[in-house]
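Comments concern the structure below.
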Protein chains: 2
Amino acid sequence: METLLPGPGPSADIMDPLCPSRVVFQRIGDKWASLVVQVLADGPVRFSELRKHVHVITPKVLTQTLRTLERDGLITRTVFAQVPPRVDYQLTALGESLLGPLTVLRDWAESNVPSILDARDAYDDARDGTLPEG
Amino acid sequence: METLLPGPGPSADIMDPLCPSRVVFQRIGDKWASLVVQVLADGPVRFSELRKHVHVITPKVLTQTLRTLERDGLITRTVFAQVPPRVDYQLTALGESLLGPLTVLRDWAESNVPSILDARDAYDDARDGTLPEG
DNA sequence: CCCCTTAGTATCTATAGGATACCGATGATT
DNA sequence: AATCATCGGTATCCTATAGATACTAAGGGG
């Protein structure tokens, strides 16, 4: 039932609600965090630019997301002593290491959109009365 | 600023809130959906078993999650005419195709737990007054 | 003096998630 | 025969999170 790996993190178990790996896993799955990370893939981006690229996120939620990513060591926050203010957000090495896994997931999502939309149509049709069978 | 891939899904853009790929991507990132899919990796599982394996999910939320996965064509729901009732949930081919990407992410999460916990400690220390610098 | 910019906060509301209780059907138990 | 246990959910209530919107601070320029 369980696969014990000899390498790194053999005791980590996503299914255990007390295991930090679950928290980490769900952080990645956060509605906005993974999008923010991907926007930062090409280098530092400032707050206002993030708002434009990750539409349509509200400033409050973007701030929350960035704080959490910073706290988890995935991004850094650099404040420039300017007016108007400038704050750059940038991936750390840890954050960059997440890009690969995220890309795999993103590719899956984008290439399977048609299948999923078809399934939805079929599902909705089946409960709209115009069901082809039954 | 944007990378257009020649392969599958060149028009899908996760950053576009109107693009279905974003919805799909965020569905994967759902707090429970990805855990459920991984529990179903080894074959059909019934409702009560899912509740045990994906702890600690409430029945209402598990039902919602399963309905959504079913609607999106990732799992099937099989009702057996028994008492007490038995309902099996099982991955479709589409659902199985998601296991690979999810495993990549899970491995990343489980192997990077220490780094993230360290970052959190450092972050929290820095705002507890006992900051080592400044 | 007022307006422009940026990077957020403050406040309020809407929606989703979570805790708990309950239901329907039936076989086993008492 | 009445009761209990099982299973797959619903119904109800409450809270936590997300979202919408307005506002602030700190200057520079007109």
Side-chain angles (χ1 to χ4, degrees), chain A residues 15-18 22-37 39-40 43-72 75-90 123 127, chain B residues 15-18 22-37 39-40 43-72 75-90 123 127:
Chain A
M15 296 302 165
D16 181 0
L18 298 177
R22 176 148 168 182
V23 181
V24 170
F25 188 76
Q26 298 190 335
R27 167 106 340 120
I28 303 166
D30 179 86
K31 181 169 183 179
W32 298 110
S34 52
L35 294 178
V36 167
V37 168
V39 169
L40 296 180
V45 180
R46 55 196 298 186
F47 190 86
S48 55
E49 291 299 312
L50 273 170
R51 278 192 73 181
K52 289 174 200 158
H53 283 287
V54 187
H55 32 243
V56 187
I57 190 172
T58 62
K60 190 189 76 171
V61 175
L62 179 55
T63 300
Q64 288 171 356
T65 303
L66 291 169
R67 292 289 181 277
T68 305
L69 288 172
E70 187 192 4
R71 185 176 113 103
D72 284 353
I75 66 172
T76 57
R77 179 173 178 271
T78 309
V79 182
F80 296 87
Q82 302 177 358
V83 169
R86 172 180 168 186
V87 179
D88 275 8
Y89 292 92
Q90 186 171 197
Y123 186 89
R127 47 201 61 232
Chain B
M15 297 300 166
D16 180 0
L18 298 177
R22 176 148 168 184
V23 180
V24 170
F25 188 76
Q26 297 191 335
R27 167 103 342 118
I28 302 165
D30 178 86
K31 181 170 183 179
W32 299 110
S34 53
L35 295 179
V36 168
V37 168
V39 169
L40 296 180
V45 180
R46 54 197 298 186
F47 189 86
S48 55
E49 291 299 311
L50 274 169
R51 279 193 72 181
K52 288 174 201 159
H53 284 289
V54 187
H55 31 246
V56 189
I57 189 172
T58 63
K60 190 189 77 170
V61 175
L62 179 55
T63 299
Q64 289 171 355
T65 303
L66 290 169
R67 293 288 182 278
T68 305
L69 288 173
E70 187 192 2
R71 185 177 113 105
D72 284 354
I75 65 173
T76 56
R77 179 173 178 270
T78 309
V79 183
F80 295 87
Q82 301 176 359
V83 169
R86 174 181 167 185
V87 179
D88 275 9
Y89 292 93
Q90 187 171 197
Y123 186 89
R127 47 202 60 233

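Here is the naming used below: chain letters follow the sequence lines, and residue numbers restart at 1 for every chain.
Considering only heavy atoms from C-beta on, B/Asp72 stays 4.5 Å or farther from A/Tyr123 through its side chain.
Residue contacts shown for B/Phe80 are absent, as no nucleic acid heavy atom lies under 4.0 Å away.
Atom pair A/Ile57:CD1 and C/dG8:P shows a separation of 13 Å (rounding to whole Å applied). Here C/dG17 presents its P atom at 12 Å from CD of A/Gln26, a figure rounded to the nearest Å. Taking atom NZ of residue A/Lys52 and atom C1' of nucleotide C/dG8, one finds them 15 Å apart after rounding to whole Å. When the C1' atom of C/dA7 is taken as reference, atom CG of A/Leu62 falls 10 Å away, rounded to whole Å. Between the NZ atom of B/Lys31 and the C1' atom of C/dA16 there is a distance of 11 Å, given to the nearest Å. Rounded to a whole Å, the CG atom of A/Asp30 is 14 Å from the C1' atom of C/dA16.
Ranking C/dG8, C/dG24, C/dG18 by closeness to the B/Pro85 side chain, first place goes to C/dG24.
Contact between the side-chain N/O atoms of A/Arg77 and the OP1/OP2 oxygens of C/dG8 is found at a separation under 4.0 Å. For A/Lys60 and C/dT11, the shortest distance from a side-chain N or O to OP1 or OP2 is not below 4.0 Å. For the pair A/Ser48 and C/dA7, the criterion of a side-chain N or O lying under 4.0 Å from OP1 or OP2 is met.
With hydrogens and angles disregarded, a donor-acceptor distance shorter than 3.5 Å links the side chain of B/Arg46 to the backbone of B/Pro85. When atom types are taken as modelled, the side chain of A/His55 and the backbone of A/Lys52 share a donor-acceptor pair closer than 3.5 angstrom. Judged by distance alone, the side chain of B/Arg27 and the main-chain N or O of B/Leu69 form no donor-acceptor pair under 3.5 Å. In terms of modelled atom types and a separation under 3.5 Å, the side chain of B/Gln26 and the main chain of A/Lys31 share a donor-acceptor contact.
Shown for residues 64-72 of chain B: residues whose heavy atoms fall under 4.0 angstrom of DNA chain D, namely B/Arg67.
B/Tyr89 contributes atom OH, which lies 8.0 Å from atom CG of B/Leu50 (distance to the nearest 0.5 angstrom). Atom CG of B/Leu66 sits about 7.5 Å away from atom CG of B/Leu40, to the nearest 0.5 Å. Interatomic distance, OG1 of B/Thr68 versus CG of B/Asp30, reported as 7.5 Å (0.5 Å rounding).
Every side-chain hydrogen bond (donor to acceptor under 3.5 Å, both in side chains) that A/Asp88 has, sequence neighbours left out, goes to A/Arg86.
In 5' to 3' order, the nucleotides of DNA chain D bounding all contacts with chain A (an atom under 4.0 Å from a heavy atom) are D/dA18 to D/dG27.
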